[in-house]
Chemist: 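Have a look at this one before I ask anything.
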Amino acid sequence: MTKEYNHSKIEKMWQHEWEKHEIYKTEEGGDKPKCYILDMFPFPSGEGLHVGHPKGYIASDIYSRFKKMNGYNILHPMGWDAFGLPAEQYAIKNKIHPRVAVEKNVARFKEQLSNIGFNYDWEREINTTDTKYYKWTQWIFLKMLEKGLAYESFEPVNWCPSCQTGLANEDLDGNSCERCGTTVEKKPMRQWVLRITDYADRLIEDLDSLNWPNHVKEAQRNWIGRSEGAELEFTTTNESSFKVFTTRPDTLFGATYVVLSPEHKLIDEWKRDIRNWNDVEAYREEVKKKTEIERTAEGKEKTGVKLEGIFAVNPVNKEELPIFIADYVLAHYGTGAIMAVPAHDERDLAFAKKFDIPIKTVIEPITGEKRENEEFRKSIVAVVHNTMNDTFLSINWGEKLGGNLFVGGGREGDEDSIACALREIEEETGYKNLKFISSSEKIHHHYIAHSKGVNREIEAIGLYFELIDNDTVSTQHEDDEKGKFTVEWITREDVRNKVKDELHSLVFSRLVNNDVYSGPGIMKDSGEFSGLTSDEAKKSITEFAGGKLKTTYKLRDWVFSRQRYWGEPIPVIHCENCGVVPVPEKDLPVKLPDVDSYEPSGTGESPLANIHSWVDVKCPKCNGNAKRETNTMPNWAGSSWYYLRYIDPRNQNAPVDKEKEKYWSPVDVYVGGDHATRHLIYARFWHKFLFDIGVVNYSEPFKRLEFLGNILAEDGRKMSKRWGNVINPDDIVNLYGADTLRVYEMFMGPFDQTSTWSTESIIGPRRFLEKVWKISDKVGECELSNKLETLYNQTIKKVGEDIEDFKFNTVISKMMILLNEFEKEEKIPVAIFEGYLKLLAPLAPHITDELWHELGHNTFIYNEAWPTYDESKISSEMMTIGVQVNGKLRATFEVARNGSEESIKEYAMTIPEVSKWTDGKEVKKIIYVKGKLVSIVV
RNA sequence: GCCCAGGUGGCGGAAUUGGUAUACGCGCUAGUCUUAGGAACUAGUGGAGCAAUCCUUGGAGGUUCGAGUCCUCUCCUGGGCACCA
C-alpha cells in the first residue's frame with residue numbers, strides 16, 4: 001500500500017465506525033462464559049486526565065478485548081465518582097454550581113477517554129451524583145439503619161478545620177487531613193457511624209480466598225489489626241473497678257502497676273479519692289494540648305502521673321498495685337487501660353525504670369522445639385566481656401559443630417551456677433580473673449545433640465562476667481573435646497553474625513543488651529499456674545481471674561457524616577416526638593435542594609441546615625414537626641457499591657436485579673491503584689452487608705485485583721498542576737497516536753510497578769507500529785519457513801499467557817521479536833500476518849482494524865477469534881546446546897532435536913573450544929541437561 | 001520499631017523458576033541517504049585488556065557440576081502500619 005501511517009485519520013475513523021456499529025455493547029445470555037472487567041472509576045476533577053490515569057484503563061481494555069476474542073461475554077463499563085469535597089471546592093472556587101462543574105468535567109474526561117479508543121459500553125455509564133443512582137445509596141443506608149449497623153454517636157470526631165467537616169479514621173494521614181494536610185482536631189459532635197467493626201473478622205478471614213496482591217491484603221490485615229487476648233477486671237481500694245485488655249493474661253502475676261489513659265472516664269469519678277488531684281489535672285491538661293504527633297514523636301520517653309491514695313487489686317493474688325495515668329496508653333484502643341508487666345513488655349519496662357517500679361519475672365523462656373525422649377540436663381552459658389576492647393569470649397567449634405558459641409557446660413546436681421561457670425571458663429579457655437555481673441532466669445532449651453544422636457532438654461542459666469585481667473592458667477579439656485575448638489575474642493557484630501545458636505544468642509540479648517523477653521515460656525512465681533507453659537496458662541489464668549477471652553481491633557467504626565453540601569443527604573428525619581425516623585422508602589431519593597449558597601456554614605453544621613424550606617418537614621410517623629438530617633454522606637459512599645449498578649444500571653426497583661447479579665458477579669478482574677485501606681475495605685464491607693440481607697449472591701465483590709503502579713512525571717515527582725509537569729494524553733494522541741500511547745504505557749515496565757514517563761522512549765513503540773504498517777506490503781501467498789512457523793506459534797502462546805497475567809511489557813517484546821523476524825523474510829504468508837494482527841489488536845485496536853480491512857476483510861477484528869497455536873510447532877527441530885567446563889560456558893552447538901544423549905556428549909568433547917579446556921585433564925563427570933547443555937567437570 | 005515489595009548495562013527492563021545473564025526498547029558510536037537539521041536504513045554497543053583471557057545481577061558467606069534464581073547474615077530504596085497492651 002505504501003501510503004503514510006496517518007494515525008490521526010485512521011484512529012478517528014475507526015472510533016466512529018465502532019460507535020456506529022455498536023460493537024462494544026455488552027451481550028448477555030447464550031452459553032458463553034462471562035468476564036466482568038472493572039476499572040476504579042475516576043473522580044472527574046477540573047484538571048482533566050493526565051497520562052497516568054489511562055494506564056489502568058488501557059490494561060483493562062486490552063484484557064477485555066483479549067477475553068472477548070476468546071469467546072467471553074464481557075462487561076467492561078465506566079462511570080463517575082462525582083460527589084465529594086474536591087468537586088464542591090472546585091465549584092466554589094470557580095463560582096459555579098457543583099452539578100454544573102461535574103457535568104462539564106465529565107464531558108471533558110469522556111472526550112479524553114474516547115480519544116484513546118476504549119471499548120466501554122457507554123450505555124451503562126453511571127454517575128454517583130445522579131438522583132436515580134443515589135436513591136439506592138440512600139436505600140442501602142436505610143437498610144443498615146434498620147439492621148442496627150448505622151447509629152448516631154456523640155464521641156469526639158476528627159474535625160478538619162480547613163475542610164470544615166468531620167472525617168473517618170481512614171481519611172487521616174497520621175494526624176492530618178489526608179486531603180489538605182491540616183492537623184485535625186478532636187471535636188465533640190453528633191455523627192452517623194457505620195458499624196464496620198461487626199464485619200472485622202469476616203473482612204480478615206475472607207482475604208484468604210481473594211486473588212489479590214499480597215501487599216494489599218497485608219495492608220488490610222494491618223489496618224483491621226485483630227489481636228486476641230483477654231479482658232480482665234481489676235477492683236480498686238476505693239471500691240471501684242475497671243477493665244483492662246491484654247494479649248498476655250498469662251503474665252498477670254508479673255503485673256506491678258496498672259495504667260489508665262489520661263482520658264479515662266473513671267478518673268473524674270475518683271476525684272475525691274485522689275490525693276494529688278492537682279498533679280493529675282495538670283498532666284491531663286498537658287496531654288490534651290499535645291497533638292498525637294507530639295505524643296509519638298517523643299519516641300520512647302515515657303511520661304505519666306501516679307494516682308496517690310488509690311490502688312488496684314490484682315485479681316489473682318490480691319496484691320495492691322499502684323495506678324498511673326500515662327499517655328502511652330491510648331483511650332480508644334481496648335478498654336483504655338492496661339495492666340503493666342515490665343518484665344515482659346518493652347514499653348512497660350521503660351516506664352517502670354523511669355518511675356522506679358519493681359520488675360517481676362514470671363516467664364522462663366523456651367527455645368527450640370520439644371521432641372520425643374529428651375534427656376534432661378542442667379547447664380550454664382557464660383558470657384565474658386572484655387570491656388577494654390568491647391569483645392566477648394567465644395569458642396569456635398567450626399561450621400559443622402555449630403560455629404561460635406559462648407562458654408557452656410553441664411551443671412551437676414545443686415552446684416552453684418557461678419562456681420560452675422567459673423570452672424568451665426577456666427578449663428576451656430584458661431581465664432580465671434573474672435567479675436560476676438548478672439545472671440538470667442532459667443531458660444528451657446530443646447535441641448538435638450547431633451554428636452551423641454540424642455534429643456535434649458536443658459535448663460540453662462545465663463551468666464555475665466567482666467574480664468579483670470588477662471592472666472590465664474593452662475586449659476584442661478575433656479578428652480572428647482580436645483583439639484576440636486579454638487578460643488576467640490569476638491566483637492558485638494560477630495556475635496550478631498556468627499553466634500547462631502538460639503540459646504546462646506538469647507542469653508546475650510538478655511544479659512548484655514538487657515532486652516525484654518516477650519516470647520512464650522514456662523510460668524514461674526505464678527501460684528498454682530507455675531510450671532505450665534504460657535500458652536496453656538492464658539485461658540486458665542483468665543478464667544481464674546474472672547475475666548474472659550476477647551478479640552480487639554484497631555479498626556474503628558466508620559464515621560459516615562460530613563458537614564458539607566455536595567454529598568448524598570442522609571435519609572433520616574428528626575422528629576420532636578419520635579426521635580430519629582427513617583425516610584420511608586417510597587420517598588427516596590432525598591434530593592439535594594438546589595440552592596445558591598452551598599458554602600460551609602462555619603458552625604460545624606452542614607450548609608443544608610440553613611435551608612428551611614428543605615429542612616422543615618412533617619414526621620412520617622406522627623405528622624408532627626420534624627427536621628431533616630442535614631449531614632451528608634462521605635465521598636466513599638457511592639463508590640462502595642457502584643460496580644453492582646453497572647450490571648443493571650436502569651433498575652427502578654432494586655439496586656441490582658439478583659439474577660443478573662448472579663450471572664455477572666463477582667468482578668473477575670478489578671484494575672486500579674491506591675485505596676488499599678479505604679475504598680477496598682468499605683466496598684467489601686457493604687458487599688458483605690448486601691449479601692447478608694439477600695441483595696447479592698456472593699460474599700466478596702472482587703475476585704482478582706490487579707494493582708497498578710503510578711506513572712510519575714519525567715522529573716520523578718507526581719504529575720500535578722502544582723509542579724507544572726502534567727502531560728495530557730490528548731497531546732500524545734495528537735502527536736503519536738492513541739495506539740502508540742497504549743503500547744508505550746504498557747511497555748514501560750511491569751504493570752504493578754511505579755514508572756517514570758519518558759518523552760524520549762515513546763518513539764520506540766511508535767517505530768514499532770510504523771514497522772507493522774510498512775511490513776504489510778510484504779504480505780502475500782508464499783511458503784511458511786520452519787523458523788517463522790516456530791516463532792509464530794511461540795508468540796501466540798506467550799502473548800496469550802502474558803495478557804492473562806497482566807504482563808503486557810513482555811507481550812509487546814514478544815510481538816517485536818516476531819516483527820523483527822518478519823523483516824528478514826522476503827514475503828509473509830497472509831494467514832500468519834492476519835494472526836499477527838489479531839494478537840496485536842487488543843494493544844493497538846485502530847491500526848490493526850485498518851490493516852485488517854486493507855487485507856480485504858469487512859468485519860471488525862474485535863469480533864474475530866483469537867489465534868490458536870500448535871503445541872508440536874512450539875519447539876523447532878534444531879536445538880542449541882551450551883557446553884560448560886567446570887561451570888563456565890565454553891561453546892555452543894546446534895543439533896537435531898532427536899539426537900541421543902550419548903552422541904551429544906561425545907560431540908561436545910570434540911569441539912576445539914572445549915577440548916582446549918579438557919585436554920590433559922581427568923574428566924570426572926559429564927552432566928547432560930536435556931535440550932539445554934552439557935556440563936563437563938574436570 | 002514491625003510488616004510488605006524491590007535492588008540486573010548509560011536508562012526502562014527480560015530471564016521458560018537451579019541450566020547459555022543482559023531478550024525487547026531507549027540512548028550512544030560508525031556508516032549510507034540528505035543542501036542542512038531531523039527522519040529512515042545498515043552495522044556495533046555490560047566492564048577491563050593489544051590479546052589470550054578475566055570480571056560482572058547492592059555487599060559478605062554457604063549449598064551445587066552449575067546460583068540473578070535456593071539458604072544465612074548485611075546494606076540500600078519504595079510502600080503500609082506505628083506507644084494497638
Side-chain angles (χ1 to χ4, degrees), chain A residues 174 213-223 225-227 229 244-248 251 259 261 292 295-296 298-302 326-330 332-341 344-348 350-351 399 403 493 496-498 500 518 552-555 674 676-677 707 709 743-744 747-750 752-765 767-768 770 774 794 797-798 801 807 809-817 819-820 880-892 916 924-938:
Chain A
N214 201 24
H215 70 275
V216 180
K217 292 198 208 181
E218 210 46 45
Q220 294 210 349
R221 283 193 197 102
N222 233 323
W223 184 262
R226 172 159 71 186
S227 70
V244 302
F245 174 73
T246 176
T247 56
R248 293 299 300 271
T251 62
V259 189
S261 72
E292 211 141 315
R295 270 167 78 155
T296 50
E298 285 168 25
K300 299 284 176 259
E301 187 59 31
K302 298 279 184 287
D327 65 1
Y328 84 94
V329 172
L330 309 174
H332 56 262
Y333 186 74
T335 60
I338 63 155
M339 66 179 214
V341 185
H344 303 294
D345 183 280
E346 204 179 323
R347 294 151 302 176
D348 296 345
F351 190 86
E399 277 306 318
E493 200 193 331
R496 202 173 50 210
N497 291 336
K498 295 181 177 168
K500 303 251 171 81
S518 52
T552 301
Y553 306 89
K554 283 200 273 184
L555 182 73
D674 307 314
T677 50
F707 205 75
V743 172
Y744 173 61
F747 191 56
M748 288 175 85
D752 59 355
Q753 195 174 295
T754 303
S755 41
T756 309
W757 184 264
S758 163
T759 303
E760 207 172 50
S761 296
I762 197 168
I763 192 68
R767 281 181 195 150
F768 163 63
E770 272 173 14
K774 278 187 200 152
Q794 283 172 350
K797 182 167 193 269
K798 174 85 176 162
E801 286 171 357
K807 285 153 75 176
N809 55 334
T810 52
V811 167
I812 293 160
S813 136
K814 197 72 186 172
M815 292 302 285
M816 288 172 168
I817 291 170
L819 182 67
N820 291 344
T880 311
I881 303 289
V883 188
Q884 290 182 347
V885 181
N886 281 355
K888 281 204 166 69
L889 186 76
R890 296 301 179 187
T892 58
K916 182 172 157 191
K924 287 185 186 156
K925 209 179 191 180
I926 302 179
I927 298 156
Y928 173 63
V929 183
K930 196 160 185 295
K932 294 267 168 60
L933 58 76
V934 177
S935 182
I936 302 162
V937 189
V938 297

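The basis for the numbers below is simple: all heavy atoms, side chains too, and nothing from hydrogens, waters or symmetry mates. Just so we're on the same page: letters track the sequence lines, and every chain starts at 1.
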Chemist: Are A:Ser227 and A:Phe245 packed together at the side-chain level, in the sense that at least one heavy-atom pair is separated by less than 4.5 angstrom?
Modeler: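 In short, these two side chains touch, coming nearer than 4.5 Å.
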
Chemist: For the side chain of A:Lys774, starting at C-beta, report the closest nucleotide among B:C24, B:C4, B:A40.
Modeler: B:A40

Chemist: Counting side-chain heavy atoms from C-beta on, which of B:C81, B:C24, B:U20 comes nearest to A:Thr892?
Modeler: B:U20

Chemist: Quick check: does any side chain N or O of A:Asp348 sit under 3.5 Å from a backbone N or O of A:Val341, one acting as donor and the other as acceptor?
Modeler: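 Between the backbone of A:Val341 and the side chain of A:Asp348 there is a qualifying donor-acceptor contact (under 3.5 Å).
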
Chemist: I need the CG-C1' distance between A:Asn222 and B:C81, as an integer number of Å.
Modeler: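 Going from CG in A:Asn222 over to C1' in B:C81 covers 5 Å.
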
Chemist: Report yes if a side-chain nitrogen or oxygen of A:Asn809 is closer than 4.0 Å to either non-bridging phosphate oxygen (OP1 or OP2) of B:A14; otherwise report no.
Modeler: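 Result: yes.
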
Chemist: List for me each residue that meets side-chain contact (heavy atoms from CB on, under 4.5 Å) alongside A:Arg767, sequence neighbours excluded, and say none if there are none.
Modeler: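 Listed in chain order: A:Ile763.
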
Chemist: Which value, in whole Å, describes the distance between the C1' atoms of nucleotides B:U22 and B:U57?
Modeler: 9 Å

Chemist: Of all heavy-atom pairs between A:Ile881 and A:Gly931, which one has the smallest distance, and what is that distance?
Modeler: CD1-C, 3.8 Å

Chemist: Which part of the nucleic acid does A:Gly764 contact within heavy-atom distance under 4.0 Å: base, sugar-phosphate only, or nothing?
Modeler: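 The residue A:Gly764 makes sugar-phosphate contact but no base contact.
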
Chemist: If you check the A:Trp223 side chain, which of B:C24, B:C81, B:G27 turns out closest?
Modeler: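 The nucleotide sitting nearest to the side chain is B:C81.
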
Chemist: Verify, without hydrogens or angle tests, whether A:Asp345 (side chain) and A:Ala340 (backbone) share a donor-acceptor contact under 3.5 angstrom.
Modeler: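 Side chain of A:Asp345 to backbone of A:Ala340, a donor-acceptor pair under 3.5 Å: no, none is there.
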
Chemist: Please name the nucleotide paired to B:G6 by Watson-Crick or G-U wobble geometry with both distances under 3.5 Å, or report none.
Modeler: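 Answer to the pairing question: B:C76, which forms a Watson-Crick or G-U pair with B:G6.
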
Chemist: Can you tell me which nucleotide in B:G25, B:G80, B:G19 comes closest to the side chain of A:Ala219?
Modeler: B:G80

Chemist: Rounded to the Å, how far apart are A:Asp674 CG and B:G80 C1'?
Modeler: 12 Å

Chemist: Could you tell me how far apart A:Arg767 (CZ) and B:A40 (C1') are, to the nearest whole angstrom?
Modeler: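 For the pair A:Arg767 CZ and B:A40 C1', the rounded distance is 9 Å.
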
Chemist: So, do A:Val885 and A:Lys916 sit near enough that their side-chain heavy atoms are less than 4.5 Å apart?
Modeler: no

Chemist: I'd like the P distance from B:G10 over to B:G59, given in whole Å.
Modeler: 14 Å

Chemist: Just how far, in rounded Å, is P of B:C24 from CD1 of A:Ile762?
Modeler: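 Distance, rounded to whole Å: 21 Å.
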
Chemist: Which nucleotide wins on minimum distance to the side chain of A:Met816, given the candidates B:A85, B:G25, B:U20?
Modeler: B:G25

Chemist: Would you please confirm or rule out a distance under 4.0 Å between OP1 or OP2 of B:G13 and any side-chain N or O of A:Thr810?
Modeler: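 No, because none of the side-chain N or O atoms of A:Thr810 sits under 4.0 Å from OP1 or OP2 of B:G13.
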
Chemist: With 3.5 Å as the limit, what N/O pairs link the protein to nucleotides 42-51 of chain B?
Modeler:
none

Chemist: So which heavy atom on A:Leu330 is nearest to which on A:Asp327, and how close?
Modeler: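 Looking at all heavy atoms of both residues, the closest pair is CD2-O, 4.3 Å.
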
Chemist: Determine, for A:Tyr328 and A:Lys302, whether the Lys NZ or Arg CZ falls below 6.0 Å from the six-membered ring centre while staying within 45 degrees of the axis.
Modeler: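 Yes; both conditions hold, so A:Lys302 lies above the ring face of A:Tyr328.
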
Chemist: With rounding to whole Å, what would you report as the distance between B:C71 and B:C81 at their C1' atoms?
Modeler: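 The answer is 29 Å between these two C1' atoms.
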
Chemist: According to a strict under-4.0 Å criterion, is A:Gln884 in side-chain N/O contact with OP1 or OP2 of B:U20?
Modeler: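 No, outside the criterion.
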
Chemist: Answer whether the closest heavy-atom distance between the side chains of A:Tyr744 and A:Trp757 falls below 4.5 Å.
Modeler: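 Of all side-chain heavy-atom pairs linking A:Trp757 with A:Tyr744, at least one is under 4.5 Å.
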
Chemist: Return yes if the base of B:C83 and the side-chain atoms of A:Lys302 contain a donor-acceptor N/O pair under 3.5 Å, otherwise no.
Modeler: yes

Chemist: Who are the side-chain hydrogen bond (donor to acceptor under 3.5 Å, both in side chains) partners of A:Thr880, not counting sequence neighbours?
Modeler: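 Partners of A:Thr880 by the side-chain hydrogen bond (donor to acceptor under 3.5 Å, both in side chains) criterion, ordered by chain and then number, come out as A:Glu894.
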
Chemist: Taking only the P atom of each, what is the distance from B:U34 to B:G38 in whole angstrom?
Modeler: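 Per the computed distance, 16 Å lies between those P atoms.
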
Chemist: When all nucleic acid strands are considered with a 4.0 Å heavy-atom cut-off, which category describes A:Pro750: base, sugar-phosphate, or nothing?
Modeler: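 It contacts sugar-phosphate atoms only.
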
Chemist: Looking at side-chain heavy atoms only, is the closest gap between A:Val937 and A:Asn886 below 4.5 Å?
Modeler: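 Side-chain contact under 4.5 Å: yes.
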
Chemist: Taking the same atom, P, in B:C70 and in B:U16, what whole-Å distance lies between them?
Modeler: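 Taking atom P in both B:C70 and B:U16, they lie 11 Å apart.
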
Chemist: For A:Glu770 and B:G25, give me the distance from atom CD to atom P, rounded to whole Å.
Modeler: 15 Å

Chemist: Is any side-chain nitrogen or oxygen of A:Tyr328 closer than 4.0 Å to OP1 or OP2 of B:A85?
Modeler: no

Chemist: What integer number of Å spans the C1' atoms of B:G7 and B:A14?
Modeler: 16 Å

Chemist: Considering only side-chain heavy atoms of A:Asn820, which listed nucleotide, B:C83, B:C24, B:G27, is closest?
Modeler: B:C24

Chemist: Nearest-nucleotide wise, let me know which of A:Ser935 and A:Tyr333 is further upstream toward the 5' end of RNA chain B.
Modeler: A:Ser935

Chemist: Across all strands shown, which nucleotide pairs with B:A51 by Watson-Crick or G-U wobble geometry, both distances under 3.5 Å?
Modeler: none

Chemist: Is there a Watson-Crick or G-U wobble partner for B:G18 with both distances under 3.5 Å, and if so, which one is it?
Modeler: none

Chemist: Across all strands, who's sitting opposite B:G61 as a Watson-Crick or G-U wobble pair, both distances under 3.5 Å?
Modeler: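 Across all strands, the one nucleotide that pairs with B:G61 is B:C71.
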
Chemist: When we call it a touch if two heavy atoms are under 4.0 Å apart, what does A:Asn214 touch: a base, just sugar-phosphate, or nothing?
Modeler: sugar-phosphate

Chemist: Select base, sugar-phosphate, or nothing to describe what A:Ile927 touches, counting heavy atoms under 4.0 Å on all strands.
Modeler: base

Chemist: Excluding sequence neighbours, so at least two apart, what forms side-chain hydrogen bond (donor to acceptor under 3.5 Å, both in side chains) with A:Ser761?
Modeler: A:Ser758

Chemist: In Watson-Crick or G-U wobble terms, both distances under 3.5 Å, what is the partner of B:G27?
Modeler: B:U45

Chemist: Please determine, for B:C33, whether a Watson-Crick or G-U wobble partner exists with both distances under 3.5 Å, and give it or none.
Modeler: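 B:C33 is paired with nothing.
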
Chemist: Name the residue closer to the 5' end of RNA chain B, choosing between A:Lys807 and A:Thr247 according to the nucleotide with the nearest heavy atom.
Modeler: A:Lys807

Chemist: Would you measure the distance from the C1' atom in B:U29 across to the matching atom in B:G78 and give it in whole Å?
Modeler: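 The answer is 35 Å between these two C1' atoms.
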
Chemist: Take atom NZ of A:Lys217 and atom C1' of B:G79, then tell me their distance rounded to the nearest Å.
Modeler: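 Taking NZ of A:Lys217 and C1' of B:G79, I get 18 Å after rounding.
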
Chemist: Could you check whether A:Ser761 gets within reach of a base, just the sugar-phosphate, or nothing at all, counting any heavy atom under 4.0 Å?
Modeler: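 Sugar-phosphate contact only.
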
Chemist: P atom, B:C41 versus B:G79: distance in rounded Å?
Modeler: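 Rounded to whole Å, the distance is 40 Å.
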
Chemist: Taking syn as within 90° of 0 and anti otherwise, name the glycosidic form of B:G47.
Modeler: anti

Chemist: I need the NZ-C1' distance between A:Lys814 and B:G13, as an integer number of Å.
Modeler: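 Rounded to whole Å, this separation is 16 Å.
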
Chemist: To the nearest Å, give me how far apart CZ (A:Phe245) and C1' (B:C83) are.
Modeler: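 In whole Å, B:C83 C1' lies 15 Å from A:Phe245 CZ.
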
Chemist: Scan nucleotides 53-57 of chain B against the protein and return all N/O pairs shorter than 3.5 Å with their distances rounded to 0.1 Å.
Modeler:
from, atom 1, to, atom 2, distance (Å)
B:U53, OP1, A:Lys916, NZ, 2.2
B:C54, OP2, A:Arg890, NH1, 3.3

Chemist: Students often get this wrong, so: under 4.0 angstrom with heavy atoms, is A:Ser227 touching a base, only sugar-phosphate, or nothing?
Modeler: sugar-phosphate

Chemist: Name the nucleic acid region contacted by A:Thr880, choosing base, sugar-phosphate or nothing; use a 4.0 angstrom heavy-atom cut-off, strictly under.
Modeler: base

Chemist: Could you classify B:U42 for me, syn or anti, using a glycosidic angle within 90° of 0 as syn?
Modeler: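 B:U42: anti.
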
Chemist: Quick one: does A:Lys797's side chain get under 4.5 Å of A:Glu801's, heavy atoms only?
Modeler: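 The answer is yes, as the side chains (C-beta and beyond) meet within the 4.5 Å cut-off.
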
Chemist: Of all residues at least two apart in sequence or in a different chain, which pass the ring pair (Phe, Tyr, Trp, His ring centres under 6.0 Å) check with A:Phe747?
Modeler: none

